[in-house]
Amino acid sequence: QAQLVESGGGLVQPGGSLTLSCQASGFRLDGYAIGWFRQVPGKGREGVSCISSSDYYTDYADSVTDRFAISKDAAKNRAYLQMNNLKPEDTAIYFCAAPLRAGDMFTRCELNRLDLYEFWGQGTPVTVSS
């Protein structure tokens, strides 16, 4: 059974860094598009970053461009979200997600189409505060 598990969240001061991990099990992450999303209580889930199944295309929300970086490690069957220069407004629960089939979103990933992502992790909380 396909499963995604996020880790790496925590409390960090403004300007600090965190690296979130998304461990896949039950399927090979290589060949899948991956999206990272976040949600603040009382608000909808928003796209943060995504990488296409070809690994050639990445996309970022305007609010995190030049601060966050998405990557995949096929050998570890894991995806990452490196977050630098964190701001209080980055505080949220962060989720990783994958589409139903390998090869979906091959040339480009869709950051704002949550309906294209079938498998979701349980989320990891990030709090940015002094």
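Rounded to the nearest 0.5 Å, atoms CE (Met105) and OH (Tyr32) are 11.0 Å apart. Here CG of Leu20 is found 8.0 Å from CZ of Phe68. Values are rounded to the nearest 0.5 Å. Atom OH of Tyr94 sits about 12.0 Å away from atom CD of Gln39, to the nearest 0.5 Å. Rounding to the nearest 0.5 angstrom, the gap separating the OG atom in Ser25 from the CD atom in Gln1 is 8.5 Å. Rounded to the nearest 0.5 Å, atoms OG (Ser21) and CG (Asp73) are 9.5 Å apart. Rounding to the nearest 0.5 angstrom, the gap separating the OG atom in Ser71 from the CD1 atom in Ile34 is 11.0 Å.
Look at Asp115 and Arg113 and you find a salt bridge, because one of the NZ, NE, NH1 or NH2 atoms lies within 4.0 Å of a carboxylate O, short of that distance. With salt bridges taken as basic N to acidic carboxylate O contacts below 4.0 Å, one links Lys72 and Asp55. Salt-bridge check for Arg101 with Asp104: passed, with a basic side-chain N closer than 4.0 Å to an acidic carboxylate O.
Judged purely by atom type and a 3.5 angstrom limit, Asp90 uses its side chain to pair as donor or acceptor with the backbone of Lys87. The backbone N or O of Lys76 lies less than 3.5 Å from a partner atom in the side chain of Gln23, making a donor-acceptor pair. Between the side chain of Glu6 and the main chain of Gln122, a donor-acceptor pair closer than 3.5 Å is present. When atom types are taken as modelled, the side chain of Arg67 and the backbone of Asn85 share a donor-acceptor pair closer than 3.5 angstrom. In this structure, the side chain of Asp59 does not engage the main chain of Cys50 through any donor-acceptor pair within 3.5 Å.
Considering every non-hydrogen atom in both Ile70 and Trp36, the closest pair reads CD1-CD1, 3.6 Å. For the residue pair Ser52 and Tyr56, the shortest heavy atom distance occurs at OG-N, 3.5 Å. Of all non-hydrogen atoms in Ala69 and Tyr60, the two that sit nearest each other are CA-OH, 3.3 Å. When all heavy atoms of Ser53 and Gly31 are compared, the closest pair comes out as CB-O, 3.2 Å. Closest of all the heavy-atom pairs between Ala61 and Leu111 is N-CD2, 3.5 Å. Closest non-hydrogen pair, Ala2 versus Phe27, comes out as CB-CD2, 3.6 Å.
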Walk me through whether Thr127 and Ser129 qualify under side-chain hydrogen bond (donor to acceptor under 3.5 Å, both in side chains). CA-CA 6 Å; Thr127 302; Ser129 175; over 6 Å; no
Report the C-alpha separation of Leu81 and Ser49 in whole Å, then their side-chain angles, then the decisive distance to 0.1 Å, and conclude whether the side chain to side chain contact (heavy atoms under 4.5 Å, CB included) test is met. CA-CA 8 Å; Leu81 184 68; Ser49 180; 4.0 Å; yes
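Geometrically, Arg38 does not engage Phe95 in a cation-pi contact, judged by NZ or CZ lying under 6.0 Å from the ring centre and within 45° of the ring axis.
Under the 4.5 Å side-chain heavy-atom criterion for Ile, Leu, Val, Met, Phe, Trp and Tyr, Ile51 and Tyr117 are members of distinct hydrophobic clusters. Val48 and Val128 fall within the same hydrophobic cluster, where Ile, Leu, Val, Met, Phe, Trp and Tyr residues are linked whenever their side-chain heavy atoms come under 4.5 Å apart, directly or through other members.
Here the side chains of Ile93 and Thr124 are not in contact, with every heavy-atom distance at 4.5 Å or above. Residues Tyr57 and Cys109 have side chains in contact (heavy-atom distance under 4.5 Å, counting atoms from C-beta outward). Looking at Leu18 and Leu86, their side chains come closer than 4.5 Å, going by heavy atoms from C-beta outward. Side-chain contact between Gln82 and Ser17 is present, with at least one heavy-atom pair separated by less than 4.5 Å. With a 4.5 Å cut-off on side-chain heavy atoms, Pro99 and Glu118 do not count as touching.
Trp120 and Phe37 have their aromatic ring centers within a separation under 6.0 angstrom.
No hydrogens or angles considered: nothing links the side chains of Asn112 and Glu110 as a donor-acceptor pair under 3.5 Å. For the 3.5 Å distance criterion, the side chains of Gln13 and Ser130 fail to qualify, holding no donor opposite an acceptor.
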